[in-house]
Amino acid sequence: ANPIGTNDFLSFIAMIVDIIFKIGIPVATGFFIWAGFQYILAQGNATKVATAHKNFKNVVIGLILFLGSWSITDIILKTFQSIVGR
């Protein structure tokens with residue numbers, strides 16, 4: 001019995017990327033919501049607003065990097081799968 005559920009390396013990598021994507025999107029959403037709460041809790045305090053803005057910017061940059069790396073990995077996997085013939 002195969003506990004992983006895949007029979008080749010490309011399917012295994014695709015499964016790992018899918019799991020990481022399914023975990024990463026909710027985590028990024030949580031950080032995005034937290035940055036929004038920081039804006040609300042700042043109540044006009046300039047230093048707290050600046051911190052919230054910095055955190056929001058970092059979340060957006062991280063999400064762009066995450067989605068970019070996922071799309072590049074997906075393109076590479078699909079290219080290999082088309083070469084192999086699956």
Side-chain angles (χ1 to χ4, degrees):
N2 186 356
I4 297 174
T6 62
N7 293 326
D8 59 7
F9 184 69
L10 290 177
S11 298
F12 176 70
I13 295 297
M15 184 179 69
I16 295 295
V17 168
D18 188 49
I19 290 170
I20 290 171
F21 185 72
K22 287 180 180 177
I23 292 171
I25 292 299
V27 169
T29 303
F31 281 120
F32 187 76
I33 291 170
W34 177 249
F37 277 131
Q38 284 182 329
Y39 270 119
I40 293 169
L41 296 175
Q43 298 179 353
N45 186 343
T47 57
K48 289 183 180 181
V49 170
T51 302
H53 182 72
K54 178 184 169 193
N55 289 341
F56 179 74
K57 183 177 72 169
N58 289 339
V59 168
V60 170
I61 290 171
L63 190 59
I64 290 170
L65 290 174
F66 179 73
L67 292 175
S69 64
W70 173 79
S71 63
I72 289 171
T73 304
D74 190 49
I75 291 169
I76 291 171
L77 283 174
K78 287 181 181 177
T79 302
F80 278 132
Q81 288 173 346
S82 68
I83 291 171
V84 173
R86 293 199 173 114

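Remember, it's a predicted structure, so these values are computed and weren't measured experimentally.
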Note: Ala52 and Ala35 closest approach over all heavy atoms is CB-O, 4.2 Å
Single-linkage hydrophobic cluster Val59~Ile64, side-chain heavy atoms < 4.5 angstrom
yes
Measure across Ser82 and Thr79 and return the closest heavy-atom pair with its distance rounded to 0.1 Å.
OG-O, 2.7 Å
side-chain contact (heavy atoms from CB on, under 4.5 Å) evaluation trace for Leu77 with Ile13:
CA-CA 8 Å; Leu77 283 174; Ile13 295 297; 3.6 Å; yes
Indicate the atoms forming the closest heavy-atom contact of Thr73 with Ser69, along with that distance.
OG1-O, 2.8 Å
Using the rule that Ile, Leu, Val, Met, Phe, Trp and Tyr join whenever any side-chain heavy atoms are under 4.5 Å apart, tell me whether Ile72 and Phe21 fall into a single cluster.
yes
If you draw a 6.0 Å radius around CZ in Phe66, do more than 12 non-hydrogen atoms from other residues or ligands fall strictly inside?
yes
I'd like to check the side-chain hydrogen bond (donor to acceptor under 3.5 Å, both in side chains) partners of Asn58; sequence neighbours left out, ordered by chain and number.
none
Between CZ of Phe80 and CG of Asp8, what distance do you get to the nearest 0.5 Å?
13.0 Å
The residue among Leu63, Leu67, Ile61 that forms side chain to side chain contact (heavy atoms under 4.5 Å, CB included) with Leu65 is Ile61
Enclosure of Phe32 CZ (heavy-atom neighbours >12, cutoff 6.0 Å)
no
Are Val84 and Ile16 connected in a single hydrophobic cluster, I mean Ile/Leu/Val/Met/Phe/Trp/Tyr linked by side-chain heavy atoms less than 4.5 Å apart?
yes
Can you get from Leu10 to Phe12 by hopping between Ile, Leu, Val, Met, Phe, Trp and Tyr side chains that sit under 4.5 Å apart?
yes
Answer yes if Tyr39 and Phe37 sit in the same cluster of Ile, Leu, Val, Met, Phe, Trp and Tyr residues linked by side chain heavy atoms under 4.5 Å apart, and no otherwise.
no
Can you give me the closest heavy-atom contact between Thr51 and Gln38, atom names plus distance?
O-OE1, 4.4 Å
